[in-house]
Trainee: 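Provided herewith is a single structure, encoded as structure tokens, for subsequent inquiry.
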Amino acid sequence: MRFLIRRLGFFVLTLWAAMTLNFFIPRMMPGSPEDALRDRFSKGGSVVTPEQLRTVLAEFGFDPDKNIILQYSEYLKAMVTGHWGVSIGSSLGAPVTTLIGDALPWTLGLVGIATVLAFVLGTLIGTIAGWRRGGLIDGILPPVFIVTSALPYFWVALLFISIFAIGSNPILPNDFNYEQGLTPGFNGPFIGSVLKHGILPAGTILITAIGGWILTMRNNMVTTLAEDYVRMARAKGIPNRRIMFGYAGRNAFLPNLSGFAMSLGFVISGTILVEYVFNYPGLGYMFYNATVSTDYPLLQALFLLSTLAVLICVLLCDFAVFLLDPRARTKG
Amino acid sequence: GGGDKPIGSASSNPSSSTSSGGQGTGQFKKGGTVTIANVGGQTWPCQFNPFNPAVNQVALGFVYEPLTFVNVLKSGATTPMLASAFSWSPTKDSIVFTIRSGVKWSDGQPFSADDVVYTFNLMKQQPALDLYSLWTGAGLTSVTAAGDKVTLKFKAPAEPYFFNFANQVGIVPKHIWSTGDAAAKPATWANPKPVGTGAFTVQSCTSNNISYVANGSYWQPGKPYLEKVQYPAYLDNNPANLDLASGKAQWGGQYIPNIDNFYKSKSPDNNYWFPPTANVAIVANNDPSHKATSNLAVRQAIAYALDREQISKIGESGYQPAANQTGVVTPTFDKYFDKDALTAAGYDKPNPDKAKQLLQTAGYSSSNPLKLSVITVTGYTDWDASLAVVKQQLAPVGIELSIQDLQQQSYNQKLYTGDYDLAYSSLSGGPTPYYELRQLLYSKNSAPIGKQANSNYSRYIKPEVDKLFDQYASADPDTQVKLIKQISGYMIKDVPIIPTTESVDWYQYNTKDIEGWPTQEDPYAQPAPYNIPDVGQVLTNLYSKSAQK
Amino acid sequence: MPSRPILEVRDLTVEYDTGGDRPVVAVDAVDLDVHAGEFVGVVGESGCGKSTLLFAIAQLLSPPAAITSGDVRFQGQNLVAMSEKKLAALRWRDFSVVMQSAMNALNPVTSIGTQFRDAIMAHDEPVADDRPAEVLRLVGIDPIHLRSYPHQLSGGMRQRAMIAMALLFTPDLIIMDEPTSALDVVAQRSLMVQIKELQQQLGFAVVFVTHDMSLISHFSDQLVVMYAGQVVELGATRAVFDHPAHPYSKGLLDAFPSIRGPKVPLIGIPGSPPDLAHPPSGCRFNPRCPEVFADCPKIEPELYQVGAVQARCLLHAPGAATAAEPVQEARS
Amino acid sequence: MSAIVAGTAAPAPTAARRPRGGLWRAILHNRKAMLGAVLLLLFILLAAFPHLFVPWLHGDPRAIGDLPLEHPSGKHWLGTTGLGQDVYAQLVYSTRESLIIAVVAGLGATFLSVIIGVSAAYLGGYADNALSMLTDVFLVLPTFPLIIVLATYAGKGNLTVIVVVLILTGWSYGARQMRAQALSLRNRDFLESARVRGERQSYIIVVEMLPTMTSLIVANFLGAALYAVLTAAGLQFLGLGDPNSLSWGTMLYWAQNQGALVNGLPAWALSPGLAVALLGVSFALLNYAFDEISNPALRPVRRRRAK
Amino acid sequence: MTDVSVYTDPQAAVPTAPLIETRKLTRHFRVGRGLSPKMLHAVDDVDITIDRQEIVALAGESGSGKSTIARLLAGVYTPTSGEIYFQGRAVSSMRSRRDQLAYRGDVPMVFQDPFSSLNPAFRVSHGILRSLKLHQPELTRTQRNEEAERVIEAVGLAPASDLMYRYPYELSGGQRQRIGFAQALAHKPKLILADEPVSMLDVSIRIGLLNLMAELRRSAGVSFLYITHDIASARYVADRLLIMYAGHIVESGPTEAVLANPKHPYTDLLLGAVPDPRAPLSVAVEGDTGEPPKVIDPTPGCRFRWRCPLVVDECHHVTPTLRLLGDGHEAACHVAEPDAGMHATKP
Ligand SMILES: Nc1ncnc2c1ncn2[C@@H]1O[C@H](COP(=O)(O)OP(=O)(O)OP(=O)(O)O)[C@@H](O)[C@H]1O
Ligand SMILES: Nc1ncnc2c1ncn2[C@@H]1O[C@H](COP(=O)(O)OP(=O)(O)OP(=O)(O)O)[C@@H](O)[C@H]1O
Ligand SMILES: [Mg+2]
Ligand SMILES: [Mg+2]
Ligand code: NI
């Protein structure tokens, strides 16, 4: 129990620290929303004074002249209460919650599923490779995936696009999350289209992410297999499958689990490139956009969200370790 | 071609001033869809508030219409839209619009002069809506209606602002905007289901795509011909370009590298046209605090050293034509172009020897080379390419150019506050060169170093030039041409900025099914889909070939 | 001995492939008999191959170790040639293994009860539901600990739990690898006494490995002294202790002080154990032997009968001063 | 970006039982390590002496030619860019910057990891809590956006900025591992032995503790370098680097923006990516092999059949 | 074991004071952080005295606090309370780096585990050379090397010139353990704290080290605190024997006296458990499980009372203190009696 309380304490503290950084880092960026807006205005070929721009932005709830401490406390309050405001960047005026709400399912669906799949598959393959050390699977897959894990994500994506999605009649679509003109909903064509549009981006994530998991799991597995309790299980005449998963696999898996949670921070980062290359409308590209257009409210909300996502995953993984590893339960 | 009447002239007959191109009323059957590929770099927020600069590109022209359309490509020729006619007072400080009758809002309510008055007064009440600073900057003092006449009164001659208030302001329905959320917060109102007078209405909007359908009760009889418009949200050029090449999208506003190979060769139906509208220039910091660039000889040397044709050919793949030192964009504004003055000054062709000589007089030599840095925006790859060429051209005359790629934000900040030696930059144009030149050279658009300048980033301050700009507002068309030639004389003489290429409208169109596109022969509007309200002109002219069968 | 031994090890050789020029021969042509109900102690220095011998008997070696020659006959069946499947059926039911360190030999993430259940489920043997509780009680652990995890038990309890597990099917042979080495003298004593009692009560045979001569002296019936992978002395425990025939055994017996009796200066055995990849020629003990003579480095000794025991020392070779004869053929 | 680059999850305690001289021998005896080392060596040569690899004819990687978008030919082995620059020359000259980013960022991140991780473990108490917290905060912060913000903040995506950003965002993963390993070392008798001998704390941390962590530190460096290579390429590809610099990521950026792939110039579009991948592979292989070298349990086994 | 120059004591400041003495030495550890902190009493009120040239053995159950005492004496831990006096001077008053170095030079420690007490990244001579550098800074580099060779040979490792350049993994356990001793010798120590120095070693090597200790005491005048589980080895080398149980010293006295006539029931139990091949098998089955005690937040009373066969009411309320029960023989037991051993172990 104390373990959980401590984890929760860590959660709150880290969240606070991250949120504080999230507040100050964007404000340290050069330029300001006014500049960004001004840049957009000047396209109309008119002369707008900076003061006037400020009135426009003030309309959207941005007041740069306010005391920074006051801004900070209001920010914390807003973040916690979910009043995330409206975008002051390229989606000027759109409620941040709507923007995120539109993009989130796609990011979760694509990147989330692909990442989890990579982890699960990688762990499984790693388990088998480690178990049959020197066998066929072990001889082929880990070396192959050392190579793929070192490939730049976007490059693989470009390669795939040029193989599968170029030409007048491409095999797979290269952009968007579903065919234009389909109405989203639980109907066959829509779901089919979503799946079809997901193959390339998800496949790319899978290929570049799975290697790490295979390798670490394999190595953990090999190390675990040398443990006495595995030998003991053999001595007990326990069937191989049970030894592989129940004895060796489970123990080898535990250190991977927290590694997985920790790596999620990197995963969220990775989505930017995925969405950029595949024109996939998710959070990643939104993040990028919000950054380059100094869109504080959107940026803050996205930062909060991704920090929260990683933290929750860390917490969930802690919890899973807690369930899977009786030692963690009593360590306190 | 219709009448190329300058803005100042009153014109009352809508059909006489619209361009030809097989236009007319109701001569095509309805049907067909056009898909636009224009990178917005974001997903659609599904807002259609025409006063919101972030989204007015998808609202104006499609749903909302101006009083009068001004064609930049035809030196400001006007086409009556919601106003069937207008007339200036002799001193040009007051204008009367005759509001078109028989126009209906897309919700069936009738459109009237009240709506026009309401729209302008809303902008007064809510300064945030007044994107073009009509009430504060242009000196608008009152907007009143009398029957179908609406009068706008100004403090001073206001003809230069006609482009803004007649062409760029979309008229909104009073009955919608005076109630509910819209009235409470008109600036931030999302307006998800816009009601306008335009040829299209929003059928559905997702973050991925906006679908427009034809407005059944559109006031121009028989129009629009197209049934639907799809506007997908592209985040990046590559997918959009791919879709254009494959014909999946038919109307592009895209920079496409190697366009002949990548796009045109893919299909005989793929066409492009890049009409120039403004300048891309090396802006030199004229402020004395910047030693080298405030030195006229240095600026002249750069101007002489540049081979603009090569910059155009290699840096811009020939898409953007070479600019000239007068700052007048050709051929768009040919009649304001003073070719003789240019030739007389020797700026008509590169002259590296002269450049070297000038540098020597300024005290630089091969042993004491001039080191300059130029700021540019990260992501504008054609600029990067152009600057690579510029750098290569300046090297032999003894200028070592270093290129600083900055994020838009930092670039802006440096540009606005004058914290740079040279900046690669472009501004938008207008129906005559006046608009661009005024932004670039008018002293009121400048500011001391450290303060943000509005648009005169070079900090060029010359009372004589200011005076010329001031005269322009109330001058007659011929005098206006003369004034602009005089101003471009100062461009040649003082070289405050050095135009390199002419920025163009990126425009691709596919004629497999859709016809009626603006072309070089029939430039009835700026053709790229990101131009507002020009996009509305194009949309009312397009028709589907397959629907004619 | 009247009956046929339940375990007959013949000429067993185990090598570790270290990747070096020569393999480490950790068990070198070992012969060993264990009769039903017998307590056989195996002693020897650290690294002399005791554990390897045990694992070879139980067929639990894993790469890089491999049996390169020899048979292990258990109840008449040759385990070396047996398939994994048949072995699995035999394991635990007929012979079980207690490992050196109980902490590592129990799966840390499952409860003691689950580990009992795994063993039960792996065999067709009908087992009473309360059998785990029963065997736990036998070794003096409250059955409540079936629900405990290994880390919740003390070292002594874990060792006992291991022994209880080994008794699950009442096997005929239990192989124990230093089961008490991690314990306190008092705890060690009480556990040993318990093992001995259980053995007398249930009648299983024990092969017990340790390097603690004094410990084994009290409990074992037969004693095997190993040195550098070879059996150097073999015989009834009392006989070996009373009249050690091999100089190494003598050295061992002289090497530890006593808490009773007169205080005598002791010498120990100088030098250190040989590298098993490059063992000394001739008698392997010759570099450290106080009684070394010219032949020792040249002739490799066999096991010779010396009174009641057998010893691998040239001093007892047939030609040597003491009358002795090779026993290789004498065994049946 | 693959995050899972850094080493095994369970640092082997046996790791340190290795003499220094044995390392090279071990690498020579490990096929993966050999391959990785050879690749890395090749890149080091390319970075150090690019001119040797570029035939005299078209040696200047930046020179703007008049033949843009050429297909590979005898004159231009990998074709030309949209500005008529020789792709092969660019590829070769880009090695330096990419390698510098990898090595410097890898070293920097490793240095931070070691300092922070080891100090946290050794100092314990509040210092440990504070440092661990710092590590965790950096771990949960979304890296890439942070990088973008930092890169934007720094104004210009030049080399130093990218390297600093990569270091700032790349150290936390390693620091956690360092801390774990140092914690396991903390009460090892040889450290206490040094303390009893009368050594100072700083001496113990630096001289006694760090050398025993060599293998983890090396693994960490390789992982961080791989991360740096990939992330830097991603950043530059997104246009957050300096587009005028010569590096593989920048080449990709240009290739992407000038439509190399869609214009049928795969050599231009793919070769820099392949170079990044190969450098990455060399780090990954070395890392993987290093695991095997430092943890004997992982070494490949020759299967031998008894009888 | 040749050539150890005879050690001359540079006359201590207080000649009458024992070499080292502890008074009410106590060390507690916090276990379980956060909401419910508990105190583990590893060492409680321990008084130990070691004289010059004396070998004192400290035996007792695992976890009874033996190593903690050694670490307290070596200055690895600071006492929770109580004081250590070295040659009459309180160790806590030695604040300056010079004083501390001097103390560390006089009182080195040999660690239990030869596998973890040498830094695997360095040659085995590293620790010795560092010690020489710290404690005999006047030596030149070559002198240090010579001195290192000398101490390595002094512990019976030959040839030193070869061995000292090896890495720890190239040495056997016994050799490493000797290196540990050599490192201690390089200090020119007055007292060596040897924490179970032989527990990891094979019997065949073990006795050599015990002999080495005796030799060092004889030739170099070094005192030892010899910590062990193994009573028999304590008997072999030690002058005096201390028995520890659960953080307390429960019995102390001349080795032979304690062994022949154990006063404390725990000592009795311990002695009964020692296997001895030279004695006939005595199957006195104790119902005792031999679980090591954890002393967390103890209440007053004898800590052995739960296992004690002789427990009386008083044991539950009063913590027994050491009482003199014979010639230098003390025990902390309420029921122990001064004269002849009252719990005769031998029938
Ligand atoms: N994986 C291995 N690779 C190479 N040699 C090994 C391996 N495992 C053990 N050995 C060697 O085999 C020999 C026998 O080892 P084993 O573990 O059987 O000794 P032991 O008698 O059980 O020692 P201990 O008393 O320390 O348990 C040793 O010399 C050891 O060095
Ligand atoms: N640093 C520490 N933190 C917390 N508890 C400790 C610490 N060091 C020792 N202890 C506890 O103090 C008690 C005494 O430990 P100590 O190591 O002194 O026992 P020991 O007699 O040396 O045992 P062993 O014979 O097993 O070496 C034990 O219960 C141990 O768990
Ligand atoms: Mg063993
Ligand atoms: Mg201890
Ligand atoms: Ni990555």
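Just so it is clear, the model here is predicted, and its values are computed rather than measured. Chain naming here is simple, since letters A, B, ... match the order of the sequence lines and numbering starts at 1 in each.
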Trainee: Is the ring pair D:W171/D:F138 parallel, tilted or perpendicular, if the boundaries are 30 and 60 degrees?
Mentor: tilted
Trainee: Given heavy-atom pairs under 4.5 angstrom as the criterion, report whether the side chain, backbone, both or neither of D:L274 touches chain A.
Mentor: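 For D:L274, the contact with chain A is made by backbone and side chain together.
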Trainee: Select one option (side chain, backbone, both, neither) describing which atoms of A:I205 are under 4.5 Å from chain D's heavy atoms.
Mentor: neither
Trainee: Holding to side-chain hydrogen bond (donor to acceptor under 3.5 Å, both in side chains), I want the full list of residues that pass it with D:R176, two or more places apart in sequence or in another chain.
Mentor: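 Applying side-chain hydrogen bond (donor to acceptor under 3.5 Å, both in side chains) to D:R176 gives D:D136.
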Trainee: Keeping the roles fixed (side chain from D:W248, backbone from D:L91), state whether a donor-acceptor pair exists under 3.5 Å.
Mentor: yes
Trainee: Is it the backbone or the side chain of D:L285 that comes under 4.5 Å from a heavy atom of chain A, or both, or neither?
Mentor: both
Trainee: As an exercise: rank D:A269, D:G280, D:G249, D:A277 by heavy-atom pairs under 4.5 Å with chain A and give me the winner.
Mentor: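 The candidate making the most pairs under 4.5 Å is D:A277.
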Trainee: Considering only heavy atoms, which portion of A:V277 lies under 4.5 Å from any heavy atom of chain D: side chain, backbone, both, or neither?
Mentor: side chain
Trainee: Restricting to side-chain hydrogen bond (donor to acceptor under 3.5 Å, both in side chains), what partner residues turn up for D:S271, sequence neighbours left out?
Mentor: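 For D:S271, no residue satisfies side-chain hydrogen bond (donor to acceptor under 3.5 Å, both in side chains) once neighbours in sequence are set aside.
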Trainee: Would you please classify the geometry between the A:Y288 ring and the A:Y285 ring as parallel, tilted or perpendicular, with 30° and 60° separating the classes?
Mentor: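 Ring orientation of A:Y285 relative to A:Y288: tilted.
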